[in-house]
Amino acid sequence: MTITAALTTSVRGMQTESKRLSTAAHNIADASTPGYESNLTQDMLDVMQAQTGFAANASVFETGADMWDMLMTVVRD
């Protein structure tokens with residue numbers, strides 16, 4: 001896997017987790033709406049999983065960015 005592929009994959013992962021969080025937040029916000037069926041336990045688990053997944057992807061992105069910086073330093077010298 002190339003550095004750019006790792007960066008791209010991690011960005012897509014962060015976007016996916018952001019969408020997951022948005023959906024769960026929407027479900028939680030609508031939980032008190034009459035007639036709306038929601039599983040608050042699952043929604044809260046989705047929030048926690050989105051947080052963990054986003055953090056993991058952000059860590060991969062940061063590592064890839066550090067590798068890219070190091071590569072650019074080596075190429076310049």
Side-chain angles (χ1 to χ4, degrees):
M1 177 179 268
T2 65
I3 295 172
T4 54
L7 293 172
T8 300
T9 301
S10 64
V11 167
R12 287 184 185 152
M14 287 186 283
Q15 290 170 335
T16 299
E17 297 304 340
S18 292
K19 288 176 187 174
R20 176 193 260 188
L21 177 60
S22 178
T23 300
H26 183 275
N27 290 342
I28 292 167
D30 285 345
S32 63
T33 302
Y36 186 79
E37 301 264 337
S38 177
N39 182 344
L40 287 177
T41 303
Q42 184 60 51
D43 293 332
M44 289 306 298
L45 285 171
D46 286 345
V47 167
M48 290 186 283
Q49 289 172 343
Q51 179 183 9
T52 302
F54 190 95
N57 281 292
S59 180
V60 170
F61 186 88
E62 185 176 0
T63 301
D66 290 345
M67 291 171 63
W68 185 262
D69 288 342
M70 182 61 70
L71 179 62
M72 291 297 106
T73 301
V74 170
V75 169
R76 285 185 216 133
D77 293 339

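Quick note: numbers below take in every heavy atom, side chains included, and nothing from hydrogens, waters or symmetry partners.
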Exercise for review: Start with the C-alpha distance between Ile28 and Met44, add both sets of side-chain angles, then the distance that settles side-chain contact (heavy atoms from CB on, under 4.5 Å), and finish with yes or no.
Suggested key: CA-CA 8 Å; Ile28 292 167; Met44 289 306 298; 3.5 Å; yes
Practice item. With sequence neighbours excluded, tell me which residues meet side chain to side chain donor-acceptor pair (under 3.5 Å) with Gln42. Key: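 With sequence neighbours excluded, Gln42 shows a side chain to side chain donor-acceptor pair (under 3.5 Å) to Asp46, given in chain and number order.
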Exercise for review: Taking side chain to side chain donor-acceptor pair (under 3.5 Å) as the test, write out the residues that go with Thr63, two or more places apart.
Suggested key: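 Checked Thr63 against side chain to side chain donor-acceptor pair (under 3.5 Å); zero matches.
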Review point. What about Val11 and Leu7, same hydrophobic cluster or not, with Ile/Leu/Val/Met/Phe/Trp/Tyr joined at side-chain heavy-atom distances under 4.5 Å?
Key: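 Same cluster: Val11 reaches Leu7 through Ile, Leu, Val, Met, Phe, Trp or Tyr contacts under 4.5 Å.
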Exercise for review: Spell out, yes or no, whether Leu40 and Val47 are grouped together once hydrophobic residues are joined by side-chain heavy atoms under 4.5 Å, including indirect joins.
Suggested key: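 Hydrophobic grouping puts Leu40 with Val47.
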Exercise for review: Carefully, step by step, assess Leu71 and Met67 under the rule side-chain contact (heavy atoms from CB on, under 4.5 Å).
Suggested key: CA-CA 6 Å; Leu71 179 62; Met67 291 171 63; over 6 Å; no
Kindly compute the distance separating [atom1] ([X]) from [atom2] ([Y]), expressed to the nearest 0.5 Å.
{"X": "Met48", "Y": "Asp43", "atom1": "CE", "atom2": "CG", "result": "11.0 Å"}
{"X": "Ser59", "Y": "Asn57", "atom1": "OG", "atom2": "CG", "result": "9.5 Å"}
{"X": "Met72", "Y": "Ile3", "atom1": "CE", "atom2": "CD1", "result": "7.5 Å"}
{"X": "Thr73", "Y": "Trp68", "atom1": "OG1", "atom2": "CH2", "result": "12.0 Å"}
{"X": "Tyr36", "Y": "Asn27", "atom1": "OH", "atom2": "CG", "result": "3.5 Å"}

Check your understanding: Does any N or O in the side chain of Thr9 come within less than 3.5 Å of the main-chain N or O of Ala5, such that one atom is a donor and the other an acceptor?
Key ->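 The answer is yes, because a donor-acceptor pair under 3.5 Å joins these two groups.
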Review point. With distance as the sole test, does Thr8 use its side chain to make a donor-acceptor pair with the main-chain N or O of Thr4 at under 3.5 Å?
Key: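 Indeed, once roles are kept as given, a pair shorter than 3.5 Å links the two residues.
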Check your understanding: Does atom CD of Glu62 have more than 12 heavy-atom neighbours from other groups under 6.0 Å away?
Key ->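 At most 12 heavy atoms, drawn from other residues, nucleotides or ligands, come within 6.0 Å of this atom.
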Point to revise | salt bridge (charged side-chain N to carboxylate O under 4.0 Å, His left out): pairs with one or both residues in residues 6-19, sequence neighbours excluded | key: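 As it turns out, the salt bridge (charged side-chain N to carboxylate O under 4.0 Å, His left out) pairs with a partner in residues 6-19, which skip direct neighbours, are Glu17-Arg20.
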